[in-house]
Amino acid sequence: MAQPSSAGELNAVDLETALLEQWGSEKTFQSSIDGRRNNAPFIFLEGPPTANGKPGIHHVVARTFKDLVCRWKTMEGFLVERKGGWDTHGLPVEIEVQKRLDLMSNEAIEAFGMAEFNQACRESVWTYEAAWREMTERMAYWVDLDNPYVTLHNDYVESAWWALKQMFDKGLLYRGHKVLPYCPQTGTSYSSHEVALGYKEVEEPSVYVKFKLTDDDASVLAWTTTPWTLPGNVGLAVGPDVTYARCRIKEAAGEAWKGAGGAEVGEEVILAKELMKEVLRHHVEVIEEFPGSDLVGRSYEPLFPEAVPRGDSTTAWTVLAADWVTTTDGTGVVHTAVMYGEDDYNLGMEAGLPAHHTVGMDGAFVEGTHPQLDGKYVKSCDETIIALLSAPKGSNGKGPESGLLYREKDYLHDYPHCWRTDHPLLYYAMDSWFVRMTAVKENLLKFNDQVEWAPDWVGEGRFGEWLRNVKDWAISRERYWGTPLPVWRSESGEMKCVGSIQELQDEVAKAVAAGFENPDCPDDVDLHRPVVDGYTLVSQSGEPMKREPFVMDCWFDSGCAPFAQWHHPFDNEATFNASFPVDYICEGVDQTRGWFYTLLAVSATVFDNMAYKRCLSLGLILDAEGKKMSKSRGNIVDPWDHFNREGADATRWYMVTAGAPWNPMKFDPNGVRETYAKMFLTTWNVYKFHADYAALDGFDPEAQHVPVEQRSALDRWVLSRLHTVAKAYHDNFTNWQFHKACRDLEDFMVNDVSNWYVRRSRRRLWDEADSNDKLSCQHTLHEVLETVCKLVAPVSPFMVDHIHRNLTGVSVHTADWPLGVPGSLEGATADAWDEEAAMATAILPPQDLGLEDTMTLVRELAEAGRRIRIDGARRQRLPCAQGWIVAGPDLSAFHDLLAEELNVESIRVEDDLDRFQQIELAPNFRALAPKARAEVNNVANAIRTAEDPVALLASINDGGAEVLGVLVESGDVEVKRVEREGFAAQTVELETQGEQLHVSLVLDMNDTPALLSKGMARDIVRRVQAKRKDLNLEIEATIDLEVWLKNAPDMQAEDETWVATETRSAGCIFHPEGANPPADAEHFEVDGATVHFTVK
RNA sequence: GCGCGGGUGGCUUAGUCGGUUAGAGCACCCGGCUGAUAACCGGGAGGUCGCAGGUUCAAGUCCUGCCUCGCGCACCA
């Protein structure tokens, strides 16, 4: 067994880096796992970061919470393996490479070569891997980075293919259209994330257009901000419950009319009644009002009759009902161009409108739309379209009948632009593949209910909301770098989904046999583009099938992590079966619709199961001003600033204590410093105090054990506190309240251990002879430190390991959790274990709540003493002859301690309460209010200010007293005992075990020559000690002391001797009053006396 | 627009069932204590508890509306 060696000064950074090396050479992480090899598993799943961005402080936050739970569960005896992972596909990688290689369009990429491009992506992915690794190691996030899962590896891709095939086979995968923001210049559609990069405020012409009903003289007015979509119009949507008005123009428009358009007197238009004022610029009369449902089914004349063929649609150019139509702007009638708006598209599909493009992928109108528009870029046609619509009635033969524009209005709005080329994006219906999430919605909700969310409102609220509105998942992307969609399709629409390399090889062989030429398909075929594009398969009917030219949403990749990390179902069957669904994941709340969703989406569709049982959703990290951290703001905090200054321990502890994990965290660099100074310096100094004396005395924690019940009350108190705090700490951990747990523990270390226990125990260890009391103190300190080390270890793993190793000889990370090791119990699982058996494995000292209460009172009294001295202007070092404690429990065990703290010669208990205390009555509103009602405040005041509270109390207790007409009984008042005026006294009030205590402390403020001498001696000692410290003297070093006093009280011989002993003065001379001190003597003044002294 | 979460001294925050002096820490000032400490103790200054109503004998706490910050969703016809 180890005997502690002395501690030395703290250098957190050196300590941490030295430990990192030790952990590396001793393989501490591995042995913390290996030691629990036969225990119940707790499955953690790492959300894969992408290594093509630099790690920031927010990553440290997430990794701290991942790590602390894993370490905690490990110490609880669970087997917690932690496989690292990397997300390596997707748009961010492509964009990075495109920027670097200046390839700003798909044409450019294809000209450069897809293979070369993807190779560049493959390399780019690892740009910051080293930085990630260094950060991960330095912050002590224990995760296996040597065998991570990597989404670009063939094994991983193969598992993803397998998963997709499961969906395909279940009929959950389908090909359809999705309206996406599309940039014709770069030929790419954008994800919402990219779109968000390019919102710009622009002013554009918006138009009010008359759609002439075929069986009526009236027109329906509709509004659009994108005139280029008008040729594609095939329908009008109205709100069935919205009230519409048919209006007749009464007189011609006034001079103020601006822009094109207009209406003739007598013309009739239909629009939402609410919007008439907003839209109409003519005086009108309302002819008729009716609900939108009355309009449904009416047909109208197409604006551009040539543009869209009717096909077999019966509903084209009719009025349709849509409940999403509002009257917040426009006319309450929505112009519907099926291919150029998401709602339009959905409505069109539902209503059977023709789905025909009037705009090509190049952003220009297709031939046959209108002679003046064909082949022109849509965004430059606004004027032409407006001119066509507003031309005088009957003025142009082909195209719009004209006279159809009512009004134009410039409209200011945010519109998405291409963040690369700055062109406005077009909402454009594109071919896309979907997973039919709507088919499994009920299961999604059911599984989500079973997840333990922290905080619960993310699961119920945000995530639940998302699931209740779940849409089919568009999983295909027209990109290059990603998991290719493993679906091959023939011209006639036959399809095949490939679920493994073996299957691909088989299909290729079949195709070759059928006469289609194909490249080799080896076992290690690269499952990326363009290699997989090179294979032509053969359909059932013998037709060639080409691969659908998409890659998958990279969120699909990460959603496959629970099984793809094990190459399921091709490998590691046992491992997978034992680890699905996982027990714990933890990421930022921004992953709600990201990883949290895709994990559940994939597991629900593929396995009909949940993916994770517990999810900790972390709040966003903000800078000290509360602003989001972002590169563009330049307010990113570099974690290394803190790793290299206060260390990773303080950084982690700060992050955990700064607030609830799910609340947004304002990261304040000063906070890290404060944490370092409070928590870690204090802990270190407590440790140093113990270790230095333990080393000096050759303390052996195994030997000469002193049973707790034989130790002093102070020892038993701090051990009981340890028990209480550890228990609460653990309970808070269980409830995800890590911040509360750590704040309480910090408070315990600083206030209870350092500022009370250690301060009060210092002299016990100065004793140079071995004593039972000293031994008790050392065992107590040892036990407190050892347990605190274990409690802190999951959160801040460095310093406590150093301390634990010096105290016990072994790493804290292989130690057991003080509150029990359920993971090691027979039959335990991560979710359930025998609570009693688990508690039996806990190691905590005895708890004595009564003693804790008593000590609280003692400490309050010590503080009260200081207040009394301030009020009475009596310095702390000048002793008082006598202190009285009035009322309260028996504190005799602490009288010595209190006497010392209070600097009084003796403590006495005063039994006659009335000698120093008087009674005050306070109203108990809860009881009084129902009786007194509105009078309660007056009654309360009367009770408070009663002239003779003793008499009032007596009559209240004797059947009740009438106060202002209200019968006041004993439950209606609280009796407070406070000190009598005129005494140097203070009363402390506290509640112990349901009982209200009012305890007073009274000090005798009279001086005697003996007291004055003693006080002077204490002042001299204090000054000399400070001097010794200034001179950097060894604690054992002896000095020669000379003292000259002026106007000072006479020093008693015993006090002079005491000064000599305390200051380790071999020679100690007190010069008589009047002797002149040498010029180099130090001097100070106290209560009018001047003291000179020299230390040699 | 909808949903969620915030708004408490200069800063970070606690505040339970509504109960009468809103509690801490940092920073500041004064005093004290100290041979582990960058610590600690006592006191001071600093608060319209986002705003406005309402319920109540009593509101930081409950209700309504609004403002504001963050996040998300929807919309942007």
Side-chain angles (χ1 to χ4, degrees), chain A residues 7 10 199 206 222-226 229 236-237 322 324-326 328-337 340-344 411 413-416 427 455 457-458 460-463 465-466 469 589-590 592-593 619-620 622 624 626-628 658-659 662-664 666 668 670-671 673-674 676-678 681-682 684-690 692-693 740 743 747 750-751 754-756 758-759 762 766 862-871 873 875-877 903 922-926 928-930 932-940 944 1022 1024-1026 1028-1029 1033-1035 1062-1064:
Chain A
L10 174 62
Y199 268 96
S206 73
W223 179 62
T224 181
T225 57
T226 49
T229 61
L236 292 173
W324 42 263
V325 173
T326 63
T328 49
D329 46 20
T331 64
V333 180
V334 177
H335 137 67
T336 300
Y340 309 110
E342 196 176 347
D343 278 333
D344 306 46
Y411 183 67
H413 64 155
D414 282 329
Y415 194 83
Y427 284 91
W457 48 261
V458 167
E460 287 159 19
R462 181 171 293 199
F463 196 54
E465 191 71 15
W466 168 256
N469 297 318
V589 69
D590 51 318
T592 309
R593 256 155 300 268
L620 229 78
L622 311 170
K627 297 265 162 52
K628 196 172 170 172
W662 43 83
N663 282 344
K666 285 190 198 175
D668 181 4
N670 288 328
R673 181 149 200 85
E674 205 180 299
Y676 171 75
K678 282 186 95 99
L681 261 185
T682 306
W684 182 261
N685 285 318
V686 169
Y687 158 66
K688 182 168 151 58
F689 174 69
H690 172 55
D692 286 355
Y693 283 104
K740 286 190 183 168
R743 285 172 181 178
D747 191 62
V750 171
N751 287 323
S754 177
N755 289 331
W756 192 250
V758 169
R759 187 160 69 79
R762 194 181 302 126
W766 289 355
E863 284 175 19
R866 283 181 214 122
R867 276 196 299 272
I868 294 170
R869 285 174 179 271
I870 301 253
D871 291 349
R875 66 183 211 274
Q876 199 68 39
R877 284 187 210 90
N903 194 17
N924 177 7
F925 281 88
R926 230 182 262 275
L928 208 51
R933 305 301 301 163
E935 281 297 295
V936 69
N937 281 322
N938 295 331
V939 176
R944 267 194 283 251
R1022 139 103 180 101
V1024 174
Q1025 302 290 38
R1028 286 181 61 112
K1029 202 176 175 183
L1033 295 182
E1034 292 295 317
I1035 292 177
E1062 281 292 304
T1063 59
R1064 287 183 170 259

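Naming: A, B, ... by sequence-line order, numbering from 1 per chain.
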Heavy-atom side-chain proximity of A:Asn469 to A:Glu465 below 4.5 angstrom: yes
Test side chain to side chain donor-acceptor pair (under 3.5 Å) applied to A:Thr1063 - qualifying residues, sequence neighbours left out: A:Ser1065
Nearest-angstrom distance from the residue atom CG of A:Asp343 to P of B:rC75: 6 Å
Euclidean distance for C1', B:rC28 against B:rC11 (whole angstrom): 12 Å
Base B:rA36 to side chain A:Thr682, donor-acceptor N/O within 3.5 Å cut-off: no
Same-atom distance (C1') from B:rG19 to B:rU12, integer angstrom: 29 Å
Sugar-phosphate, base or nothing in reach of A:Tyr340, heavy atoms under 4.0 Å: nothing
Flag, side chain of A:Thr336 to backbone of A:Val334, donor-acceptor distance under 3.5 Å: yes
Kindly give the atom pairs (protein nitrogen or oxygen, nucleotide nitrogen or oxygen) under 3.5 Å for nucleotides 21-25 of chain B.
{"unit_1": "B:rG25", "atom_1": "O3'", "unit_2": "A:Lys678", "atom_2": "NZ", "d": "3.4"}
{"unit_1": "B:rG25", "atom_1": "O2'", "unit_2": "A:Glu674", "atom_2": "OE2", "d": "3.1"}

For nucleotides 5-9 of chain B, give me every protein contact, N/O to N/O, under 3.5 Å, one pair per line with atom names.
none

Set of side-chain contact (heavy atoms from CB on, under 4.5 Å) partners for A:Trp756, sequence neighbours left out: A:Leu714, A:Trp717, A:Arg759, A:Arg760, A:Met855, A:Val858, A:Arg859, A:Ala862, A:Leu897, A:Glu901
Test side-chain contact (heavy atoms from CB on, under 4.5 Å) applied to A:Lys740 - qualifying residues, sequence neighbours left out: A:Asn732, A:Gln737
P spacing across the pair B:rG6 / B:rC17, given as an integer number of angstrom: 15 Å
Bracket string, RNA chain B, 5' to 3' - pairs by Watson-Crick or G-U geometry under 3.5 Å, | interstrand: (((((((..((((.....[...)))).(((((.......))))).....(((((..]....))))))))))))....
Test side chain to side chain donor-acceptor pair (under 3.5 Å) applied to A:Arg762 - qualifying residues, sequence neighbours left out: none
With sequence neighbours excluded, residues passing side-chain contact (heavy atoms from CB on, under 4.5 Å) with A:Ser206: A:Trp223, A:Thr225, A:Lys409, A:Tyr411
N/O (side chain, A:Arg867) to phosphate O (OP1/OP2, B:rG32) under 4.0 Å: no
Partner set under side-chain contact (heavy atoms from CB on, under 4.5 Å) for A:Asn937, not counting sequence neighbours: A:Phe925
Separation of the P atoms in B:rC66 and B:rC73, to the nearest angstrom: 24 Å
Sugar-phosphate, base or nothing in reach of A:Ala658, heavy atoms under 4.0 Å: sugar-phosphate
Check: A:Arg762 side chain, B:rU34 base, donor-acceptor under 3.5 Å: no
Main-chain N/O of A:Leu681 paired to A:Asn685 side chain as donor or acceptor, under 3.5 Å: yes
Chi-based syn or anti call at B:rC26, which uses purine or pyrimidine torsion atoms and a 90° bound: anti
N or O in side chain of A:Arg759 less than 4.0 angstrom from B:rC40 OP1/OP2: no
Pairwise 5' ranking along RNA chain B for A:Asn469 and A:Asn751, keeping only the more 5' one: A:Asn751
Nearest-angstrom distance, P atom, B:rU68 to B:rC51: 15 Å
ring-ring contact (aromatic ring centres under 6.0 Å, His included) partners of A:His335, counting only residues at least two apart: none
P-based separation of B:rA14 from B:rU21 [nearest Å]: 24 Å
Distance, P atom - from B:rG43 to B:rG23, rounded to whole angstrom: 12 Å
Side chain to side chain donor-acceptor pair (under 3.5 Å) partners for A:Lys688, two or more places apart: A:Asp692
Distances under 3.5 Å between nitrogen or oxygen atoms of protein and nucleotides 29-31 of chain B:
none

